Structures are given as C-alpha cells and as structure tokens.
Amino acid sequence: MLFKEVKNAAELKKSAMEGKINGALINPTMLVDPFQVLVAANKAVHLEKIEKMKTRTLYSEIIFNLSPTNNISEAFKRFGISDGDDSVLIVMVDSKDESQVVSDIAARVEGRQVPVEEISSLSDHAKIKKLYKVTPQEEKCGSLLDAVVCRMATKDVM
C-alpha cells in the first residue's frame, strides 16, 4: 500500500519497531518501480524458508534486500521510513501464521492511499543513481530499474 501526505510517520515507525505492524515500512523516494520491492520480498521469503536471513524478521529482510550493500543499519537509514517522511510504502507478505488485516494497517496511517503504480512519481532518481552507483553508460543500454535490480540481486556475490 502506498500513502502520500502522511502526517504520522514517527508513530508508524515506532509501531513497526515494536512489532505492532506486520509489514515493511519503506521510504518510496528510494524506489524506482514496484518490481524492485517484489524482488526484495521474493528474496526475503526464500531466505526465510531456507533459514538464511541476515536480519531478525521477514520485513526487516525485505528492507535489507533493497540495499546495494551488506550493511543492515545503512539499509534501514536509506530505505526505512524516517520520522519526518510524508510518504510511505507498506509491504505485507500474506501468511497463514499472521492475521493482521490490510485494512487495520491502512487505518493506522494518517495520509492518502494512492495506487502503488504511482511510486515512480515519488522517486528521487539522483539519490537512487548515486546510492547504486549507476553510470551514464549503463543508462544508455538499460533502464535505471535494470541497474538497481541487478545490484540488489548480485550484492551477495560481489
């Protein structure tokens, strides 16, 4: 779920850290496309199944997997929400074990829900290119999304 004009980011962040929200709260300005989140979530679910996660929870693993580096705290700084953020992407993974309903989480957000496809309108391309070290040559032969997903996928082997 994507929200704009969020007024209670600090409260949401606190709730997530206390485990009251079963979801990853992500800063959408660092995202190029919803596919980027799908890749991170898929990898997190896989690592959880084979018991190889680097973080403690599935949702923290999703945030970590968005990062091009192996520094967990850096990933949270760059991709997690901050107290003053005015937009937030909430990522949930459907599970038989968890019973938190999407509408319950949406009701906690003081903001306007918009279609997830609008995520690219919030992207900060300059910050994204700098973080992922995307070169102009790369952009000539592929998209920014291609470069970002490539780095996410290969960070474990580089």
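Just so you know, these numbers come straight off a predicted model, no measurement behind them. Both backbone and side-chain heavy atoms feed into the values below; hydrogens, waters and symmetry mates do not. For this chain, numbers begin at 1 and follow the sequence in order.
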Is the number of heavy atoms from other residues, nucleotides or ligands within 6.0 Å of NE2 (H46) greater than 12?
no
For K13, check salt bridge (Lys or Arg N to Asp or Glu O under 4.0 Å) against everything at least two apart and list the hits.
none
Using a distance-only test with no angle check, is there a side-chain donor-acceptor pair under 3.5 angstrom linking T69 and N71?
no
Side-chain donor/acceptor of N65 to backbone N/O of I62, under 3.5 Å:
no
Rounded distance (nearest 0.5 Å) linking atom CG of L25 with atom OG of S82
11.5 Å
So the salt bridge (charged side-chain N to carboxylate O under 4.0 Å, His left out) pairs with at least one residue in residues 45-58 (sequence neighbours excluded) are K54-D156
What heavy-atom pair brings S15 and R108 nearest, and what distance separates the two atoms?
OG-NH1, 3.5 Å
How close do A106 and Q113 get, heavy atom to heavy atom, and via which atoms?
CB-OE1, 4.4 Å
Between Y59 and A24, the two heavy atoms sitting closest are CD2-N, 3.4 Å
Just so I know, are the side chains of N42 and V39 near enough to count as touching, which here means a heavy-atom distance under 4.5 Å?
no
How far does CG of L89 sit from CG of L2, to the nearest 0.5 angstrom?
6.0 Å
Do the non-hydrogen side-chain atoms of I105 and I90 ever get within less than 4.5 Å of each other?
yes
Heavy-atom distance under 4.5 Å between the side chains of I119 and F35, does that happen here?
no
Check whether any side-chain N or O of K155 sits under 3.5 Å from a backbone N or O of S67 as a donor-acceptor pair, and report yes or no.
yes
NZ (K140) and OG1 (T135) are apart, to the nearest 0.5 Å, by 9.0 Å
d(L66 CG, F79 CZ) to nearest 0.5 Å is 5.5 Å
Check for a donor-acceptor pair, side chain of T55 on one end and backbone N or O of T57 on the other, with a separation under 3.5 Å.
yes
Is M17 reachable from I21 through a run of hydrophobic residues whose side-chain heavy atoms are each under 4.5 Å from the next?
no
Please list all pairs passing the salt bridge (charged side-chain N to carboxylate O under 4.0 Å, His left out) test where one or both residues lie in residues 60-79, with sequence neighbours left out.
E74-K77, E74-R78
Decide yes or no for V102 and M92: does some side-chain heavy atom of the first lie under 4.5 Å from some side-chain heavy atom of the second?
yes
For E139, all residues meeting salt bridge (Lys or Arg N to Asp or Glu O under 4.0 Å), sequence neighbours excluded
K129
Quick one: which residue pairs count as a salt bridge (charged side-chain N to carboxylate O under 4.0 Å, His left out) with a foot in residues 110-120, not counting sequence neighbours?
K4-E118, E5-R112
Shortest non-hydrogen separation from F3 to V6 and the atoms involved:
CB-CG2, 3.7 Å
Does any donor atom in the side chain of S120 or S123 lie under 3.5 Å from an acceptor atom in the other side chain?
no
Transitive ILVMFWY side-chain link I72 to M53, under 4.5 Å
no
So if you build clusters from Ile, Leu, Val, Met, Phe, Trp, Tyr with side-chain heavy-atom gaps below 4.5 Å, do I26 and L47 land together?
no
Minimal heavy-atom distance between A75 and F64, with the atoms involved, is CB-CA, 3.9 Å
Residues E138, R151; criterion salt bridge (Lys or Arg N to Asp or Glu O under 4.0 Å); working and verdict
CA-CA 12 Å; E138 251 182 305; R151 281 165 179 74; 2.7 Å; yes
Closest heavy-atom pair, V149 versus Q36, reported as atoms and distance to 0.1 Å, is CG2-CA, 4.4 Å
Would you please name every residue forming a side-chain hydrogen bond (donor to acceptor under 3.5 Å, both in side chains) with S103, sequence neighbours left out?
none
